[in-house]
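Beneath this line is the structure, given in structure tokens, with notes to follow.
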Amino acid sequence: MQPVLRLLLAFFIAIVSAISAAQAEKRIALVVGNGAYTQAAALKNPANDARAIAAALRRIGFDVIEGIDLDYSGLRRTIRSYGEKLPGAETAVFFYAGHGVQVAGENYLIPVDSQLQSETDLDFATVAVDLVLKQMDRSAKTKIIILDACRNNPFEAEMARSMGATRSAALGRGLAEIRPLGGSMISFATDPGAVAADGEGKNSPFTEALLKHIETPGLEVNVMMARVREDVYHATGERQRPWTNTSLIGEVYLTPQAEAPATPPPQAAAPQSQPAASAPRPGSAATEIEMEIWRSAERSGLAADYQYYLRKYPEGAFSELARNRIAALSAPAKEDPKGSAPQSAFAPNAPVAPNTGAPARSPADAEAALGLNREDRMGAQARLSLLGYDTRGIDGVFGPGSRAAIREWQDDEGYPRTGYFNLEQVERLVADTEADYQVWIAEQTTRAAQPTYSAYSFCSMTGAEGYGQHANSDQALWAAVNACIYNGGVPQCCANGARLLQ
């Protein structure tokens, strides 16, 4: 064959291969950044955040629909264009930076021309997050939703006045927790009900951390978000912690893994422990329940959880791997500071062996693997308070006060002073407080049936906020002011901004 023909044939093959690869996995993303608000204080970073994320997604192979500073009609039109492109998508991503609000547990995105004076305005001046989620759930196999929208609600005061004492209680801070769709991950810039920073630099702290990791080849998306969470938490002085809720099955990669070398390096030794768990054995198929139990065992790294998996699925897709894990964790168990071995969440009657054979994980990753929701964190704060540790409130947010309380408790119990829980420590805390905690729950239930006042405090000098509740209105206001001061406000400023919500 002549050289010219060879060149043409090679070029043709390359083009066909590229087309086939593109058709093999359709990846669509919608990226929106709203900051130029006309009826509220403008945000300087959402446009920068959206442009940077859109560029990164394009570099890793996504077809990106990008919208910057969209008004109401523009936002709906852009979402519709996104929905029209989604059919057949293997992976769909939605990233939003800007103002968002929650009312009665529902989340709404705020276009740049919106003015919210009443609850009715939500239907005609905002776009429900559910509208985007429906488009994704209808057409895409894997859905990744990233919301950098947990900033202050700029219309809270006006809406609270129009909604009245009873309805205004439905107004919440930040965004509300979203139950994940099948095969999805939903990531917030901070914990549900908490407020995220817009940032002093070019990007928000959350987007800056996301940009650092999103293009890393071969980085699984759950691991990526764990790294983002740790970066943001430390960058904000432990004031902001991204939160993720997921129903993904298997491993998902936004940036493909780097290709392995054709032949292994000479004298490459096989690892002695922790073999890779990537796929079921030939001829076997893991159910969603089996997968979730296996992934939970992998997250905890506990021998008892692998034993539980084997009892449920002795011939399961990961049974051989589970036996290897148990063998790797066969070192003598660490002696519990109180003389009894802690128990696994999956196998209450089985002793737990320490994770000596597993790769080391940071304390933040170990806690993230527990998947604690806001109610779990409130329960932990209440239990610590019952033991005499001051968490600076029971609000479901592990801020500096809660972290300090956890460190003090860990020190007293003989654990390393990390400020982060792991499964063993959570079970120890539950075991030591269960009786008192049930009494506390009963008291809270009785108290909830009684009339209470909610109060809000805001410091215009620093942007700090505070919330308080009490059966006495003055005490509720005082609690809100104290919370505002603790969050970085100025005493007189916080007091001037205090008001009752109900």
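Reckoned from all heavy atoms, side chains included, excluding hydrogens, waters and symmetry mates. Predicted model, so just to flag it, every value in this text is computed and none were measured.
The side-chain heavy atoms of Leu248 and Thr142, taken from C-beta on, include a pair separated by under 4.5 Å. For the pair Met185/Ile145, no side-chain contact is recorded, criterion being any heavy-atom separation below 4.5 Å from C-beta on. When side chains are defined from C-beta on, Lys143 does not count as touching Thr91, because their heavy atoms never get closer than 4.5 Å.
Here the options are Phe398, Tyr420, Phe206, the test is ring-ring contact (aromatic ring centres under 6.0 Å, His included), and the partner is Tyr233; only Tyr420 passes.
Remark: side-chain polar atoms of Tyr96 are paired, donor with acceptor, to backbone N or O of His99 under 3.5 angstrom. Panel note: side chain Asn45, backbone Asn48; no donor-acceptor pair is recorded below 3.5 Å. Panel note: side chain Arg403, backbone Gly419; a donor-acceptor pair is recorded below 3.5 Å. Remark: side-chain polar atoms of Tyr415 are not paired, donor with acceptor, to backbone N or O of Arg407 under 3.5 angstrom. The main-chain N or O of Leu386 is never found under 3.5 Å from a side-chain atom of Asp436 such that the two would form a donor-acceptor pair.
Note that Arg499 lies outside the cation-pi zone of Tyr456, set by a 6.0 Å cut-off to the ring centre and a 45° limit from the axis.
Note that CG of Asp148 and CD of Glu208 are 11.5 Å apart. Values are rounded to the nearest 0.5 Å.
The SG atoms of Cys484 and Cys494 are placed within less than 2.5 angstrom of each other.
For Glu408 and Arg417, the salt-bridge test fails: no basic side-chain N is under 4.0 Å from an acidic carboxylate O. Salt bridge absent: Asp231 and Arg227 never bring a charged side-chain N and a carboxylate O closer than 4.0 Å.
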